[in-house]
Amino acid sequence: MDTKISIMEENQIDYEAVKEAAKVIKDGGLVAFPTETVYGLGANALDANAVKKIFEAKGRPQDNPLIIHVSSKDIKELVKDVPEVAESIMERFWPGPLTLIFEKSDIVPERTSAGLKTVGIRMPSNPIARELIKTSKVPIAAPSANISGRPSPTEVSRCIEDLNGKIEYILGGECSEVGVESTIVDCTVDPPCILRPGAITLEMLKAIDERIYIDPAVMEKPKKGLKPKAPGMKYRHYAPKAPLKIIDGDIKKTIAKINEMVQNYIDGGKKVGIIATDETFEFYPQGEIISLGSRNNLEDVAKNLFEVLRIFDDKAVDIILSESFEEKGIGIAIMNRLKKSAGFDIIKV
Ligand code: AMP
Ligand code: MG
């Protein structure tokens with residue numbers, strides 16, 4: 001298939017391109033588009049055949065439901081009920097990097113919700129995303145625009161890498177400013193429960209309802225009896241091609257351990273990548289070193305994380321060693337993605 005690609009400078013909307021892409025959505029095709037979290041791969045959420053194509057293009061497991069993207073807070077057609085606490089959360093955080101789970105209405109096909117009676121809905125803040133949804137006049141189901149299992153794309157070049165030739169249209173804008181996928185909050189339970197951490201943090205949500213908590217299965221290695229409630233969180237995810245190991249503990253000990261491991265790998269003829277930070281970068285004498293940004297700006301670290309994993313793919317390293325981050329604020333989302341990327345291979349120091 002020929003994929004049409006339109007790239008817009010700094011999210012300056014090219015209305016003609018958006019109109020063409022919206023027509024693709026209306027006609028049952030697939031469009032990759034920028035959002036503030038990561039790039040999305042969209043189809044008409046109410047058209048089961050169109051949604052099926054998303055699963056095929058990504059190689060996504062059939063039991064992993066899609067998030068529906070909307071351009072207004074009026075979601076009553078898509079859901080059975082909007083609990084009061086969800087109203088308050090939407091009022092405060094929409095548009096933005098936050099998905100809410102509701103009981104779904106009958107117009108949402110089971111293909112979209114992967115057989116569940118519930119549905120995840122989000123109103124993105126990215127202007128191109130919103131214009132696309134508005135112009136298509138349908139809600140857009142959109143998972144991240146990557147081949148399943150790979151790190152989510154935060155730059156249009158990565159969507160092109162994964163999806164060129166497989167979908168009808170790729171709309172490009174600037175890099176995703178958040179860089180990790182939306183926070184997911186299940187509003188079908190009381191108190192609401194965070195199923196996936198993101199840029200809207202536990203602390204921010206507690207300001208709305210202090211009883212909100214994180215699903216305990218989210219940060220742990222999947223094990224029997226403790227199953228994440230978001231079906232997608234059980235898969236190996238966000239994974240670079242090379243194995244990734246997290247070194248976790250006091251930062252001085254972390255640097256020493258990483259340097260010791262790097263030496264061993266180099267002695268064994270291996271090419272090693274190091275995920276460092278601005279504060280630690282200079283303490284690694286060898287290896288392919290990339291900084292995620294400053295430890296004093298974890299928003300930046302989140303924004304750079306997936307792209308750095310993909311750069312290590314380009315560099316064809318044999319192994320990647322990463323520093324870890326404090327599990328507080330957006331650090332919870334960073335560590336959630338890093339641990340999944342590493343398949344929970346964590347070395348304590
Ligand atoms: P992605 O769009 O690729 O970021 O993946 C969507 C994530 O949302 C996956 O982890 C899904 O399991 C989760 N999700 C979507 N819909 C629901 C739902 N109805 N209930 C629980 N989790 C959901
Ligand atoms: Mg994804």
Side-chain angles (χ1 to χ4, degrees), residues 30-43 45 51 54-70 75 78-81 86 97-105 108-124 126 129 139-154 158-159 162-163 176 178-189 192-200 214-215 217-219 222 227-240 302 305-306 309-310 333 336-337 339-341:
L30 302 186
V31 176
F33 61 98
T35 89
E36 70 277 19
T37 56
V38 302
Y39 273 73
L41 175 59
V51 166
I54 294 181
F55 286 88
E56 288 164 358
K58 281 181 59 95
R60 184 176 176 98
Q62 299 286 336
D63 68 345
N64 194 359
L66 307 180
I67 291 170
I68 297 186
H69 292 66
V70 293
I75 55 168
L78 300 173
V79 303
K80 288 223 161 103
D81 174 45
L98 175 84
T99 297
L100 297 177
I101 308 284
F102 300 94
E103 305 283 342
K104 80 172 190 67
S105 73
V108 176
E110 296 228 335
R111 182 64 82 168
T112 302
S113 68
L116 297 178
K117 297 292 172 215
T118 56
V119 64
I121 304 182
R122 172 167 109 82
M123 179 180 181
N126 179 289
I140 296 183
S144 47
N146 52 288
I147 297 299
S148 258
R150 296 209 64 205
S152 301
T154 53
R158 301 304 185 177
C159 295
D162 279 16
L163 297 171
S176 300
V178 173
V180 290
E181 301 84 352
S182 58
T183 306
I184 301 179
V185 180
D186 186 353
C187 293
T188 66
V189 290
C193 171
I194 299 175
L195 304 187
R196 178 173 71 184
I200 305 299
I214 300 181
D215 174 10
V218 161
M219 301 303 285
K227 208 170 98 196
K229 294 192 188 82
M233 297 301 279
K234 68 175 179 281
Y235 294 107
R236 177 153 192 253
H237 235 114
Y238 321 118
L305 178 62
F306 287 136
L309 295 178
R310 288 208 175 221
N336 169 263
R337 306 309 191 276
K339 285 179 182 177
K340 286 189 172 295
S341 308

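Each ligand, and each atom within it, is numbered from 1 in the order the structure gives.
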[Y] backbone acceptor or donor facing [X] side chain under 3.5 Å:
| X | Y | answer |
| --- | --- | --- |
| Lys58 | Ala145 | no |
| Asn146 | Pro153 | no |
| Thr112 | Ala45 | yes |

message: Under the rule for salt bridge (charged side-chain N to carboxylate O under 4.0 Å, His left out), what residues qualify as partners of Arg60, not counting sequence neighbours?
response: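 Once residues adjacent in sequence are excluded, Arg60 has no partner under the salt bridge (charged side-chain N to carboxylate O under 4.0 Å, His left out) criterion.
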Nearest heavy-atom pair of [X] and [Y]: which atoms, and what distance?
| X | Y | answer |
| --- | --- | --- |
| Ile67 | Ser182 | CD1-OG, 4.0 Å |
| Thr118 | Ser113 | O-CB, 3.3 Å |
| Leu305 | Arg337 | CD2-CB, 3.9 Å |

Presence of salt bridge, Arg122 and Glu36, under 4.0 angstrom: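 Salt bridge flag = yes for Arg122 with Glu36.
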- prompt: Under 2.8 Å from the Mg ion (ligand 2), which protein N/O/S atoms are there?
  reply: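 The answer is Ser144 OG.
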- prompt: For Glu110, what residues pass the side chain to side chain donor-acceptor pair (under 3.5 Å) criterion, not counting sequence neighbours?
  reply: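 Listed in chain order: Lys117.
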What does the contact table look like for ligand 1 (nitrogen or oxygen on each side, cut-off under 3.5 Å)?
unit_1: ligand 1; atom_1: 3 (O); unit_2: Arg60; atom_2: NH1; d: 3.1
unit_1: ligand 1; atom_1: 3 (O); unit_2: Ser144; atom_2: N; d: 3.3
unit_1: ligand 1; atom_1: 3 (O); unit_2: Ser144; atom_2: OG; d: 3.3
unit_1: ligand 1; atom_1: 4 (O); unit_2: Arg196; atom_2: NH1; d: 2.8
unit_1: ligand 1; atom_1: 5 (O); unit_2: Arg60; atom_2: NH2; d: 3.2
unit_1: ligand 1; atom_1: 12 (O); unit_2: Asn64; atom_2: OD1; d: 3.1
unit_1: ligand 1; atom_1: 12 (O); unit_2: Pro231; atom_2: N; d: 3.2
unit_1: ligand 1; atom_1: 12 (O); unit_2: Gly232; atom_2: N; d: 2.6
unit_1: ligand 1; atom_1: 19 (N); unit_2: Thr118; atom_2: O; d: 3.4
unit_1: ligand 1; atom_1: 19 (N); unit_2: Thr118; atom_2: OG1; d: 3.0

